[in-house]
Each structure stands twice: as C-alpha cells, then as structure tokens.
2 protein chains.
Amino acid sequence: MSTFPRKISDSTVRRSSLYLRVLEALELEGSDTVSSRVLAERVGATAAQVRKDLSLFGTFGTRGLGYEVTALRERLAEILGLSHEWPVALVGAGRIGSALFEYPNFRERGFQIVAILDSDPRKVGQSWDGIEIHSTRELERTIERLGVEIALLAVPASVAQGVADHLVESGVRGILNFAPTRLRVPPGVAVNEVDLALELETLSFVLEGGGRDGNPAPEDVAAGPEGESR
Amino acid sequence: MSTFPRKISDSTVRRSSLYLRVLEALELEGSDTVSSRVLAERVGATAAQVRKDLSLFGTFGTRGLGYEVTALRERLAEILGLSHEWPVALVGAGRIGSALFEYPNFRERGFQIVAILDSDPRKVGQSWDGIEIHSTRELERTIERLGVEIALLAVPASVAQGVADHLVESGVRGILNFAPTRLRVPPGVAVNEVDLALELETLSFVLEGGGRDGNPAPEDVAAGPEGESR
DNA sequence: GTACCTTTGTGAAGGTTTTCACAAGCGAAG
DNA sequence: CTTCGCTTGTGAAAACCTTCACAAAGGTAC
C-alpha cells in the first residue's frame, strides 16, 4: 500500500519486526510509553539506531516522553503488513515441511498455512490438521483459488527452481526458500533464503579463528554486542 | 587457527561458503580452473566482489588463468573451518529439533549431531537413529565428554536464554538459535539467529508495498539481482 | 624472446549504513 | 509563565561495503 520517501533497507525492516515484538510485550506489561533507549536495549541495538529507523517511516514520538506503545505498535504492524492475515502455501510435505507446518509462531504472527502441496503420490490425499495435501499438479489452481501470495518452499534443491517458477506464474510474490539454492525470480517477486548449513558454516569460521579472538569488544553490559548479526 | 590481517565481514564469510559449494560442484564437473567471472555468475555476485573476498584471505589465483579449483576448494574449506568434522549437540527434541536432526545437509557439510538433549522426561531415554536423548540435567557432562563446541538450540523462547547460559558454561562457543529471542552471550561466543517468523515478516513488508514497486532493477540476465538479501 | 590475450589483485571512488551530537520541542513543577 | 529535565528527529561524520578501473603478470603461439 503505502510507499516511503527513501528506500527502506533490509536491516531496518528486520529491526522493525523486532521493535514490533517488543512493543507487543510492553503492551502486555502495561507500559504506556517507551523511549528509544529502552526499545534499543530490548532488541540489542542503539537508541540512535531505533530513532533513525522509525524516522524513516514517519514521526511517531513525543519529545521528552518517548513513543506511545499502542499507537506505535499499530502503526508498525500496518507498515510491516501485519495488520491482516496472510494465507500461505506450504510446498513440500517432507521433514522440513512438517516442522514448518507445526511451527506455532507463523500463525501467531498472522501467517496461516491454507494449502499444502507435494509431488509424492503417497502423501497426496493425506490431511494434516484438517488441511488436505494436494498434488503439485494442482498447484496453480490451488494458489489462485485461495489467493495465496506467500509460499514456504521446502522441496529438494534439485527441483526448487522449477517449483518456484511455477509458483510465480500462479501469482505468488513472496517465497521463503529452505532449499540450499539461490533462486532466480523475476522483478517484483521477493525471495528470502534460509540456508541452515550456511549458518553453521559462519559459526565454524568464527570458531576456527577467523573472527580474530572471537567477538567484538566487551563494552558495557546493557547495549551489549551480539556474537553475530546479519 | 589462522588469523587474518583485516577483520573479515559477515557478508564475505557467507559468500565464501557459497564459493566453496560452487567449487565442489565444479570439481565434480571436472573443471581444473575457474575465473572470478564464472564463480560470480554461479553465486549471483560480481567478479570484482569475488576477487575482493578471496584477496582478504590471501592470494590464490593465477593471472590470465583464474583459480585452481581443487587448491582453492581445499584452502577455503580450511579457512571456513570445514576441513574437519564438527561434533554438534542438538538441544530440544521437539518438532524443530526432529527436523534438524533429519536434515541431511548438516552431516554432508561436516556437522555431525552427536548428542541430543531434552528436558521432557518422556523423551529422555528414547533413541533417534542410535543416539540416545539425554536429560538437560546431564547437559554439562555430555557436552564436555563429547567435546562439543557447536549447539543447535531448538527449545521454546521462554527457556532459551537459560539453556544458552548453561551451554556456554559447558564450553560451547557457537550457537545456532532457532528460538525467537535475542540471546545474550559473553564475548568469545558466537550466535546466529534463525528467526523464521521474521523472515516472513520481511516478505510481507515488501508485498505490502514497502519495498517500493517490488524489486531492484531488472538489469542484465547474467549477474542478476536477488529478490532479497542479507 | 616477443607479442598478445586473459585474468588477477588492489588502490580509489562511490554508495550505503551506523553512530554522533545537538537543536528543537514537550510536559511537569513551581 | 518560566524554567528544567528529558527525549526526539536529524544533519554531519564516521565506518563499512561494493564497484570501478587499471597496472601487473601468467600462458600461449610463433
């Protein structure tokens, strides 16, 4: 919907998701307002960073007071596209697919798996929690019927690109890819890669001594450093 | 082991993992040498980027010819800490833990799960594929006995920090965290967060219109853009 | 040995993200 | 109504990362 003056960087978006979670927690804790300093502490960033990030989206704070928790939460949720539910398709009903299906945080955050697709004839026809597994041959029809725009891609690397192409043709505009392959997609389609082996490899690099003697400066306790980041 | 002149950035390490995979593939395909241009095409980067990355680790190429595939593969594997096996502990034998345990890419890339820990008494004593699930009360002893330095943390967010502290005390220096919480760890310990809901949220931001009209410039075909990055 | 083609390695330039530092603004108290 | 303390919003500076462009150098052909 809304478009912003400057291009918003990926890091800003990721941090904003974290701000949103903290705001939800603060609301439950009964806070009315929150300062950039407190918000920063809770997500492990700096206060200046928080203010800069939020300022890219607009002007939300009150000088001398901070940010109104509920108002900022609502506005951030809207900006991040989380003020409504997203129907999501799960493609690939193997080990990873099944773990994703059961992952409680997706539904909690508004992402609801409404379709499951797999090419294995032995799986097609089964139901998980009331949702029938369809054949990938019915992919296009299923995606279109349910108005799915986001897909979880949990198929073997060898077929990932083909399935992705098929998804895009059917109208999917966002793919969360668990196969260890870089997907090629046309402009207008967003892909996030989740590459677990790669994550472990960056750890092994640090442990092997690549990151010098381990980790940034000790610094103070509060705004402490993370071991790694993105 | 080895330490490098300049601090190596996270992005460089991540790309280097990808270079390594491409080199392995090229070796199977029978290539003797590879140019930065070809390497770049295969991972979706630029040739200059590849050369810059590799130059941070040392001088490997031959002008006019490119890089010797096998030699570079070996050297990169060594640098990334992948020239030997890593014993890994899996903490949390729930849905995610079980998917991680079955994930074939870990073992393929030298990460071998040698211990499983869970606090649920109904799970303790079970065996997965010959590996017995131990109680988290035996965490320290198990970790130490097996010389584990890397742990997969797949426990609920509410207990993640406590378990992480315990892991660090027991000698773990690298944690791949699947709980949606930022972990606080002492200097010298590396943490990578895998936050699946957050990945979906960055997608929903783009779909909602945050990323302007979708995606970077179309540009040429070869060194094509990714929909998203890190 | 020389000429030519190819590709590396790398300073310098360009771009992006983070941090700094401070003026401006709001609320509360007197 | 004025003062004081606190916190935002934001230009400017610093740090960081990527791309450019070219000299240097290996290989090959003759």
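In the text below, chain A, chain B and the rest are named by the order of the sequence lines, each starting its count at 1. Values in this document were obtained by computation on a predicted structure and should not be read as measured data. Because only heavy atoms are used, hydrogens play no part in the values below, and waters and symmetry mates are left out as well, while side chains stay in.
Residues that satisfy the salt bridge (charged side-chain N to carboxylate O under 4.0 Å, His left out) test with B/E85, not counting sequence neighbours, are absent from this structure. With sequence neighbours excluded, no residue satisfies salt bridge (charged side-chain N to carboxylate O under 4.0 Å, His left out) with A/E68. Remark: B/R95 engages A/S98 in a side-chain hydrogen bond (donor to acceptor under 3.5 Å, both in side chains) (not counting sequence neighbours). The salt bridge (charged side-chain N to carboxylate O under 4.0 Å, His left out) search around A/E29 returns A/R42, not counting sequence neighbours. Take A/E27 and apply the salt bridge (charged side-chain N to carboxylate O under 4.0 Å, His left out) test, not counting sequence neighbours, and it matches A/R73. For the side-chain hydrogen bond (donor to acceptor under 3.5 Å, both in side chains) test, no residue two or more places apart in sequence or in another chain qualifies with B/R37. Checked against side-chain hydrogen bond (donor to acceptor under 3.5 Å, both in side chains), B/S9 has the following partners two or more places apart in sequence or in another chain: B/T12. Take A/S17 and apply the side-chain contact (heavy atoms from CB on, under 4.5 Å) test, not counting sequence neighbours, and it matches A/L80, B/L198, B/E201.
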Please encode protein proximity along nucleotides 25-30 of chain C as a string of B, S and -, counting only heavy-atom distances under 4.0 Å. BB----
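Remark: B/Y67 is not in phosphate contact with C/dT6, judged by side-chain N or O atoms under 4.0 Å from OP1 or OP2. Between A/R51 and C/dT19 there is no side-chain N or O to OP1 or OP2 distance below 4.0 Å.
The CG-P distance, from B/L54 to C/dG9, rounds to 8 Å in whole Å. Rounded to an integer number of Å, the gap from CZ of A/R14 to P of C/dT17 is 13 Å. One atom, NZ of B/K52, and another, P of C/dA13, lie 13 Å apart when rounded to the nearest Å. Distance CG (A/D10) to C1' (C/dT18): 15 Å, rounded to an integer number of Å. At whole-Å resolution of the value, CG in B/D53 and C1' in C/dT8 are 14 Å apart. To the nearest angstrom, P of C/dG9 lies 12 Å from CG of B/L39. In this structure, CG of B/L72 is placed 16 Å from P of C/dT7, rounded to the nearest angstrom.
Within the 4.0 angstrom heavy-atom criterion, only backbone atoms of the sugar-phosphate kind lie near A/T59; the bases stay farther away.
A heavy atom lying under 4.0 Å from DNA chain D marks the following residues of residues 28-37 of chain A, by number: A/S35, A/S36.
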Distance-only donor-acceptor pairs under 3.5 Å for side chains of residues 163-171 of chain A, two or more places apart:
{"unit_1": "A/D165", "atom_1": "OD1", "unit_2": "A/Q161", "atom_2": "NE2", "d": "2.8"}
{"unit_1": "A/S170", "atom_1": "OG", "unit_2": "A/H166", "atom_2": "O", "d": "2.8"}

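Residue B/S36 forms a side chain to side chain donor-acceptor pair (under 3.5 Å) with just one option from B/R51, B/Q49, B/K52, and that option is B/R51.
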Starting from the C-alpha separation in whole Å, work towards a yes-or-no answer on side chain to side chain contact (heavy atoms under 4.5 Å, CB included) for B/Y67 and B/L23. CA-CA 10 Å; B/Y67 301 90; B/L23 289 164; 5.9 Å; no
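Of all nucleotides in DNA chain D, those with any atom nearer than 4.0 Å to a heavy atom of chain A start and finish, going 5' to 3', at D/dC6 to D/dA12.
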